[in-house]
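Chain letters run A, B, ... following the sequence lines, proteins first, then strands; residues in each count from 1.
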Amino acid sequence: MEIIFNGKPREIQASISIQEFLDQLRLDCLQVVVEHNRNIIPRQRLAETVLNRGDTLEVIHFVGGG
Amino acid sequence: MCGSWCFMQIKVNERSYTFEENTAAGAVRARIKPNADLLIVNGFPASAETLLNNDDRVILIRRGEVPDADELDALLTARHTPGVHESVKGSTIGIAGVGGLGSAIAIALARTGIGHMIIADFDIVEPSNLNRQQFFIDQIGLPKVYALRDTLVRINPNVRVTACHLRLTPANIAEIFGHAQVLAEAFDQAQQKVMLIETFAARFPDRPIVTGSGMAGYGPANTVLTQQVANNLYLCGDGCTAAAPGTGLMAPRVGVAAHHQANAVLRLLLGYNPATEEK
């Protein structure tokens with residue numbers, strides 16, 4: 001199925017959670033903020049939130065310094 | 001056209017006065033504050049010959065004179081775009097972390113006349129902070145939030161500062177920043193940035209967060225941007241240059257990112273999108 005990932009269409013496996021999707025991308029969820037359908041999802045809910053066709057997902061990666 | 005009975009309202013040092021039409025700025029000075037050596041009309045230095053119009057704002061400043069409390073607010077913001085200070089002086093903002101980013105954000109926004117700032121940080125001032133953070137040698141050893149509060153009050157005593165010397169955690173973020181209309185994320189560690197954003201957004205999904213990511217090193221300042229990266233999340237930085245062995249944090253580029261953040265906060269308070277020209 002297709003979702004919009006960081007602004008671009010992307011084919012992903014159906015019925016996977018956001019956590020599984022991040023794992024496939026090898027992203028460290030401690031350093032990313034995930035926005036699903038315009039809501040920021042706390043990391044403890046990444047595993048229980050399942051992606052659906054047409055969803056929008058923004059993954060913002062953070063680096064240290066300040 | 002309207003004879004000798006035509007008058008206009010002029011604000012001089014934020015107090016209203018009535019003058020005849022076509023009065024020059026110099027005549028206003030002669031009446032209100034003859035010893036003023038700086039004349040500012042609508043936020044810009046003007047000559048004594050400048051003719052005034054109804055609703056103009058005139059600021060008269062005598063160099064070196066400390067004005068009374070009533071005048072100070074107006075004089076501090078004499079060079080602002082008119083209307084900006086009125087819009088922001090009733091605002092409350094939060095700054096999470098007052099290191100290189102947060103201390104510079106706070107100073108820029110104090111100079112802008114933000115009404116209330118909530119600043120939070122657990123750290124104390126150390127010598128290694130002074131390469132980029134807005135502290136002084138005589139503040140070494142002080143909690144950063146108290147040192148910064150002292151500095152902010154020296155700049156603008158009309159800004160109310162709530163200084164919280166503590167470690168921000170998921171358990172206290174909503175309480176500490178409960179009144180913040182906009183939150184500036186100014187932590188050092190990436191995981192802490194994420195923790196703060198997740199926690200604040202979960203509790204206050206409608207309130208904007210302005211975050212900083214990617215300002216280490218001395219790469220081009222032009223790669224530091226303000227971008228809207230989520231519905232209510234604006235990211236200032238180059239997005240990728242981490243503080244790491246071999247890539248330090250230094251005042252110029254950290255300052256560029258911090259002032260992107262401060263400007264983003266100001267734009268949000270004024271009702272503008274920080275990342276575009278849009279209202």
Side-chain angles (χ1 to χ4, degrees), chain A, chain B residues 96-105 132-133 170 184-205 209 211-217 227-244 247-250 253-254 257-258 261:
Chain A
M1 66 178 194
E2 190 176 276
I3 65 164
I4 304 297
F5 171 57
N6 285 357
K8 290 176 189 154
R10 185 173 179 118
E11 280 294 325
I12 65 161
Q13 190 185 332
S15 308
I16 62 167
S17 70
I18 296 175
Q19 182 68 62
E20 288 169 308
F21 180 66
L22 295 180
D23 290 345
Q24 286 175 9
L25 296 176
R26 296 207 170 86
L27 280 172
D28 175 3
C29 74
L30 293 177
Q31 297 210 11
V32 296
V33 166
V34 177
E35 188 197 47
H36 178 229
N37 295 339
R38 296 173 71 79
N39 295 308
I40 288 174
I41 307 291
R43 79 192 67 159
Q44 60 269 25
R45 283 180 40 214
L46 294 176
E48 70 195 46
T49 308
V50 174
L51 290 164
N52 293 302
R53 183 189 314 275
D55 281 0
T56 59
L57 189 70
E58 294 285 331
V59 177
I60 306 118
H61 182 249
F62 282 80
V63 299
Chain B
V98 294
L101 293 173
S103 61
I105 295 168
R132 68 190 188 284
Q133 305 187 15
E185 178 285 309
F187 284 153
D188 186 39
Q189 303 289 324
Q191 294 183 4
Q192 291 293 298
K193 292 173 185 286
V194 170
M195 180 278 293
L196 179 85
I197 293 165
E198 285 181 353
T199 306
F200 189 79
R203 179 66 183 272
F204 307 112
I209 303 171
T211 185
S213 181
M215 75 294 297
Q227 294 175 282
Q228 184 169 10
V229 291
N231 184 27
N232 257 326
L233 181 62
Y234 300 89
L235 188 148
C236 302
D238 67 19
C240 62
T241 310
T247 308
L249 290 163
M250 287 165 293
R253 208 153 182 269
V254 172
Q261 286 187 269

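Ranked by non-hydrogen atom pairs under 4.5 Å with chain A, the options B:M215, B:Q191, B:M195, B:Q133 are led by B:Q191. With chain A as the partner, the residue from B:T199, B:V229, B:V254 showing the most heavy-atom pairs under 4.5 Å is B:V229. For the set B:C240, B:A258, B:G214, B:G248, the entry with the most heavy-atom pairs within less than 4.5 Å of chain A is B:C240.
Contact annotation for A:V32: only backbone heavy atoms (N, CA, C, O) come within less than 4.5 Å of a heavy atom of chain B. Using a 4.5 Å cut-off between heavy atoms, A:Q31 touches chain B through backbone and side chain atoms alike. Using a 4.5 Å cut-off between heavy atoms, A:L30 touches chain B through backbone and side chain atoms alike. Residue contact with chain A, scored on non-hydrogen atoms closer than 4.5 Å, involves the side chain of B:T211 exclusively.
Residues A:H61 and B:S213 share a closest heavy-atom pair of O-OG, 4.1 Å. Nearest heavy atoms, B:A201 versus A:I40: CB-CD1, 3.8 Å.
From B:Q227, atom CD reaches atom CD1 of A:I60 across 10.5 Å, with rounding to the nearest 0.5 Å. Expressed to the nearest 0.5 Å, how far CD of A:E58 lies from CD of B:Q228 amounts to 10.0 Å. Rounding to the nearest 0.5 Å gives a distance of 10.0 Å between CG of A:N39 and CG of B:N232.
A donor-acceptor pair is defined here as one N or O able to donate and one able to accept, closer than 3.5 Å; such a pair exists between the side chain of B:K193 and the backbone of A:G65.
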